[in-house]
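The analysis underlying the following values was restricted to heavy atoms, covering all of them including side chains, and did not include hydrogens, waters or symmetry mates.
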Amino acid sequence: MSEALVVKVGGSLRGAEALLDELSGYPGPLVLVHGGGPEIGALLERLGFQSRFVGGLRVTPPEQMEAVEMSLCLTGKRLAEGLSRRGRRALALSGRDALLLRGRALPGLGRVGEVVGVGVDLLLDLLEKGYTPLLAPIALDEEGPLNVNADTAAGAVAGALGWPAVFLTDVEGVLKDPKDPQTRFPRLTPQEVEALKAQGVVQGGMIPKVEAALRALEAGAPWAAIAKGERGVLARVLSGEAGTRFSLQGGPGRPA
């Protein structure tokens, strides 16, 4: 059986067919964590709310939290349906279910938080019964639901399970030259990442992606990877042919 993975997928349903085909055909255990930024933004706009971001996080006033949660949960149900129709029985859950994700609010962002505890027993029970858990990144604190960045949530889940985390995105991985996929770094350590930041190689939109991967390592994941979400990507990540893999030790700090 292939390696067990926690995979973070985007929440956009546009162009999701190839990704659903890829995930449904993976032979090993999967726990999936999904985002939903475009759908959340569209719903908030229809309701007359404006979206505001601080440090890449969506500021979520209490009066917007219900709409955010509705959008995320509906997105999860649609993704779970797509996987199930392809033969991989998936259950769409959120951190509310069985108190799966326990959270802590971040200051100054409204109902935005981070994960401080993961109920892994339910995830393992579902996997044992042949289901693929698909989590919306909603955590709970004493006051109610929190909107959690999906990358952050995926890293926390991977750490709690002790599984690798794969962050599927729209880029090939960390590249020395952003215009040349042949300059992909196949492996990086946290120390090498810091050096690449200082050199300006890791910059802009790549920084939060890399930081999410490093947080997964800190949480207990054996390794993490950033790769482009496309057909065949998981097998290619496992073989080192795709994406950038992050680990605490080892790894040539040079492009492929």
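With sequence neighbours excluded, the residues that form a side chain to side chain contact (heavy atoms under 4.5 Å, CB included) with Glu143 are Arg111, Asp141.
With hydrogens and angles ignored, the 3.5 Å screen pairs no side-chain donor or acceptor of Ser71 with any backbone N or O of Ala67. Of the possible donor and acceptor atoms, one in the side chain of Glu22 sits under 3.5 Å from a partner among the backbone N and O of Leu234. With Arg88 contributing its side chain and Leu23 its backbone, the two residues share a donor-acceptor pair below 3.5 Å. Arg58 places a side-chain N or O within donor-acceptor distance of the main-chain N or O of Gly37, the cut-off being under 3.5 Å. Using a distance-only test at 3.5 Å, with no hydrogens or angles considered, no donor-acceptor pair links the side chain of Thr244 to the main chain of Arg187. Side-chain N or O atoms of Arg78 include none that pairs as donor or acceptor with a backbone N or O of Leu74 at under 3.5 Å. No donor-acceptor pair under 3.5 Å is formed between the side chain of Glu69 and the backbone N or O of Glu66. Between the side chain of Arg245 and the backbone N or O of Gly240 there is no donor-acceptor pair closer than 3.5 Å. Judged purely by atom type and a 3.5 angstrom limit, Glu192 uses its side chain to pair as donor or acceptor with the backbone of Thr189.
Transitive grouping of hydrophobic side chains (ILVMFWY, heavy atoms separated by less than 4.5 Å) keeps Leu91 and Tyr26 in distinct clusters.
Lys77 has no carboxylate O lying under 4.0 Å from a charged side-chain N of Glu81, or vice versa, which leaves the two without a salt bridge. Looking at Glu114 and Arg104, a side-chain N of the basic residue comes within less than 4.0 Å of a carboxylate O on the acidic one, giving a salt bridge.
When only modelled atom types and interatomic distance are considered, Thr152 and Arg215 share a side-chain donor-acceptor pair under 3.5 Å. Remark: the Asp177 side chain and the Thr183 side chain contain no N/O donor-acceptor pair separated by less than 3.5 Å.
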